[in-house]
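Inspection log for the structure reproduced underneath, given as structure tokens.
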Amino acid sequence: MDLIFIFSIMPIATTVLIFLFVNLLVDSGVATFTMPANVTVPAFIAFGDSIVDQGNNNYIPTFIRANFPPYGMGFLGAKATGRFTDAKTPVDLIAEKVLVKEYVPPYLDPFIEDQDMITGVSFASGATGYDPLTSTINMAVPMVDQLQMFENYIRRLEVLVGKSGTENILYNSLFLVAAGSDDFVLNYFSAYPMRKLEYDIPTYADYVVSRASSFVRTLHGLGARRVVVLSLPPIGCMPTSRTFGGGGKNRSCSTLYNRAAKHTNKKLAAEFESLRSRDPPVKVIFADIYNPVLDIVNNPQSYGFEIVDRGCCGTGKVEVSWMCNEFAQTCSDISKYLFWDSFHPTEKGYRAIVENVLERYVKDALEIW
């Protein structure tokens with residue numbers, strides 16, 4: 001197996017985030033969101049892959065990390081913390097906008113403070129997926145293990161704020177789940193052949209959906225109520241997907257990859273709607289990010305970007321994680337780029353993406369049913 005190829009198609013995870021607020025004001029081109037006065041979110045908690053990994057991979061034996069330059073070049077004085085971008089992640093941005101805190105720590109940080117624990121953490125691990133094989137290939141934290149860490153987190157909360165305080169936090173907090181993209185990009189479509197031998201795309205999509213459903217049902221059973229699950233983005237339009245599965249010299253999006261994402265999203269939407277319709281319902285919101293992201297890719301100038309087919313780091317075509325290092329020259333003007341490396345958006349990219357999904361999911365996301 002070609003390790004360079006494997007690591008070059010590393011976690012894209014889902015390339016999108018959700019800002020959950022009611023009022024959108026624009027001041028000098030910068031979106032400003034205001035929380036409704038009658039809504040309180042005590043904590044923000046994330047699960048998933050590299051898009052929402054705040055640095056958990058720093059503390060596990062894996063090559064897939066981002067705790068070195070030039071990652072974090074725009075974060076707290078150019079501090080590389082393990083976030084797979086140039087500055088803030090979706091987790092930081094959402095937590096700030098729902099008035100929880102400015103930065104969300106990784107759960108595995110041994111120096112995490114009690115107050116940070118109370119107001120929310122991220123359990124995410126770069127290069128994981130709903131399919132357990134995805135995390136095995138990349139030595140990432142499996143989704144099921146993230147749930148086990150969440151159970152430990154609950155027990156720690158009970159020590160800090162008591163049982164009733166913990167129940168209040170779980171019931172009213174906002175939960176974000178972002179996974180599934182790596183199951184296809186890093187696993188099914190990679191050089192690792194196992195899943196391709198077992199499944200065609202429709203049946204593998206069924207398998208991924210079944211694992212995602214199990215994850216959400218378990219999370220709900222542990223007390224989470226404001227749960228937002230992101231769809232897969234147009235994974236064929238990520239820079240690395242263009243390089244290895246796209247249109248050659250033209251670097252067009254991979255039609256096959258995008259078709260797999262759309263097929264999976266359709267099945268995810270149906271599954272989560274079924275969960276919502278149960279008695280009692282499983283309270284989950286499925287957020288379509290495929291179409292908003294594709295619109296940014298197809299109409300970059302409308303969002304203030306010039307370059308969407310490669311990242312800012314190195315050539316932008318394959319560099320990610322250890323391949324995007326201090327020896328890889330970065331672009332001269334990051335504001336022109338949607339992507340930071342070959343998989344992950346810039347902070348500006350995240351901020352642009354969220355404006356497309358804001359008004360579509362805010363009501364359901366903040367509502368306790």
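These values consider heavy atoms only, across backbone and side chains, with no hydrogens, waters or symmetry-generated copies.
Ile51 and Phe75 fall into different hydrophobic clusters, where Ile, Leu, Val, Met, Phe, Trp and Tyr side chains are chained together by heavy-atom contacts under 4.5 Å. Under the 4.5 Å side-chain contact rule for hydrophobic residues, Ile201 and Val209 share a cluster. Note: the hydrophobic cluster containing Leu76 does not contain Ile334 (ILVMFWY, side chain heavy atoms under 4.5 Å, direct or indirect links). Following chains of ILVMFWY side-chain contacts shorter than 4.5 Å, one cannot reach Ile307 starting from Ile296, and the two form parts of different hydrophobic clusters. Hydrophobic clustering, with ILVMFWY side chains joined whenever heavy atoms are under 4.5 angstrom apart, keeps Tyr290 apart from Val177.
Residues Thr128 and Asn138 are not in side-chain contact: their nearest non-hydrogen atoms beyond the backbone lie 4.5 Å or more apart. Side-chain atoms of Tyr350 and Leu93, non-hydrogen and from C-beta on, do get closer than 4.5 Å to each other. Two residues are said to be in side-chain contact when any heavy atoms from C-beta on lie closer than 4.5 Å; Thr346 and Phe339 fail this criterion. By the 4.5 Å heavy-atom criterion applied to side chains, Leu222 and Glu151 are counted as neighbours. The side-chain heavy atoms of Ser241 and Val185, taken from C-beta on, include a pair separated by under 4.5 Å. At a threshold of 4.5 Å between non-hydrogen side-chain atoms, the residues Leu232 and Phe184 count as touching. At a threshold of 4.5 Å between non-hydrogen side-chain atoms, the residues Phe343 and Ser50 do not count as touching. For the pair Thr166 and Ile169, the minimum side-chain heavy-atom distance is 4.5 Å or more.
Using cut-offs of 30° and 60° for the angle between ring planes, the Tyr257 and Phe189 rings count as parallel. Ring geometry for Tyr153 against Phe150 counts as parallel: the plane angle stays under 30°, on a 0 to 90° scale with 60° as the upper cut.
Side-chain atoms of Thr315 and Glu319 include a donor-acceptor pair closer than 3.5 Å. Donor-acceptor pairing under 3.5 Å is recorded for the side chains of Asp200 and Thr203. Between Thr255 and Arg259, the side chains place no donor N or O within less than 3.5 Å of an acceptor N or O (distance only, hydrogens not considered). Between the side chains of Gln54 and Asp92, at least one donor-acceptor pair of N or O atoms lies under 3.5 Å. When only modelled atom types and interatomic distance are considered, Ser190 and Asn187 share no side-chain donor-acceptor pair under 3.5 Å. Between the side chains of Gln146 and Ser125, no donor N or O sits under 3.5 Å from an acceptor N or O. Arg242 and Ser252 share no side-chain donor-acceptor pair at under 3.5 Å. A donor-acceptor contact closer than 3.5 angstrom is absent between the side chains of Asp295 and Asn291.
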Quiz item: Tyr71 and Asp341: side chain to side chain donor-acceptor pair (under 3.5 Å), yes or no, with the steps?
Solution: CA-CA 9 Å; Tyr71 285 99; Asp341 58 23; 2.7 Å; yes
Practice problem: In sequence, state the C-alpha distance, the side-chain angles, and the governing distance for Tyr130 and Tyr207, and then conclude on ring-ring contact (aromatic ring centres under 6.0 Å, His included). | Solution: CA-CA 9 Å; Tyr130 293 119; Tyr207 177 68; over 10 Å; no
Quiz prompt | Worked verdict on Tyr337 versus Phe305 for ring-ring contact (aromatic ring centres under 6.0 Å, His included) | solution = CA-CA 6 Å; Tyr337 286 73; Phe305 298 105; 9.3 Å; no
Quiz prompt | side chain to side chain contact (heavy atoms under 4.5 Å, CB included) between Val91 and Phe44, worked out | solution = CA-CA 8 Å; Val91 181; Phe44 179 68; 3.6 Å; yes
Exercise. Take Phe272 and Val229 through the test side chain to side chain contact (heavy atoms under 4.5 Å, CB included) and record every step on the way to the result.
Key: CA-CA 9 Å; Phe272 290 134; Val229 179; 3.9 Å; yes
Quiz item: Run the ring-ring contact (aromatic ring centres under 6.0 Å, His included) check on Tyr188 and Tyr199 step by step: do they pass?
Solution: CA-CA 9 Å; Tyr188 189 87; Tyr199 303 98; 7.9 Å; no
Exercise. Start with the C-alpha gap between Gln115 and Thr119, add the side-chain angles, then the distance that decides, and say whether side chain to side chain contact (heavy atoms under 4.5 Å, CB included) holds.
Key: CA-CA 6 Å; Gln115 185 57 33; Thr119 52; 3.3 Å; yes
Practice problem: Run the numbers on Arg156 and Asp114 for side chain to side chain contact (heavy atoms under 4.5 Å, CB included), then give the verdict. | Solution: CA-CA 9 Å; Arg156 184 166 176 181; Asp114 289 346; 3.5 Å; yes
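Minimum interatomic distance between Asn265 and Phe286 (heavy atoms only, all atoms of both residues): O-CE2, 3.6 Å. Closest of all the heavy-atom pairs between Asn168 and Pro42 is O-CG, 4.3 Å. Contact between Thr85 and Pro345 at its shortest, heavy atoms only, is OG1-O, 2.8 Å. Of all heavy-atom pairs between Ile45 and Phe47, the closest is CG2-CE1, 3.7 Å. Ala205 and His263 make their closest contact through CB-CD2, 3.7 Å (heavy atoms, listed as atom of the first residue, atom of the second, distance). When all heavy atoms of Ala80 and Ala66 are compared, the closest pair comes out as CB-O, 4.0 Å.
Atoms OG and NZ, on Ser332 and Lys336 in that order, are 6.0 Å from each other to the nearest 0.5 Å. With rounding to the nearest 0.5 angstrom, the CG atom of Asp288 is 5.0 Å from the OG atom of Ser231. Between the CG atom in Asp206 and the CD atom in Glu271 there is a gap of 10.0 Å [rounded to 0.5 Å]. Considering CD1 of Ile64 and OG of Ser321, their distance stands at 6.0 Å, rounded to 0.5 Å. The distance from the CG atom of Asp145 to the OG atom of Ser135 is 7.5 Å, given to the nearest 0.5 Å. Within the model, atoms CD of Glu113 and CD1 of Ile118 stand 11.0 Å from one another, a figure rounded to the nearest 0.5 Å.
Gln329 CD: 12 or fewer foreign heavy atoms inside a 6.0 Å radius. Atom NZ of Lys262 has 12 or fewer heavy atoms from other residues, nucleotides or ligands within 6.0 Å. Counting heavy atoms of neighbouring residues, nucleotides and ligands inside a 6.0 Å radius, atom NZ of Lys267 exceeds 12 of them.
Side-chain N or O atoms of Asp109 include none that pairs as donor or acceptor with a backbone N or O of Asn56 at under 3.5 Å. Without hydrogens or angle criteria, Ser254 side chain to Gly246 main chain gives no donor-acceptor distance under 3.5 Å. Between the side chain of Arg225 and the backbone N or O of Leu170, no donor-acceptor pair lies under 3.5 Å. The closest donor-acceptor contact from the side chain of Ser214 to the backbone of Ser210 lies at 3.5 Å or more, if one exists at all. In this structure, the side chain of Arg65 does not engage the main chain of Gly55 through any donor-acceptor pair within 3.5 Å.
Salt bridge status for Arg211 with Asp131: absent, with no side-chain N to carboxylate O gap under 4.0 Å. Between Arg155 and Glu158 there is no salt bridge, since no side-chain N of the basic residue sits under 4.0 Å from a carboxylate O of the acidic one. A salt bridge is defined here as a Lys NZ or Arg NE, NH1 or NH2 lying under 4.0 Å from an Asp or Glu carboxylate O, and Arg83 with Asp53 fails to meet this definition. With respect to Lys317 and Asp309, no salt bridge is recorded, no charged nitrogen being found less than 4.0 Å from a carboxylate O.
Disulfide status for Cys324 with Cys313: present, SG atoms under 2.5 Å apart.
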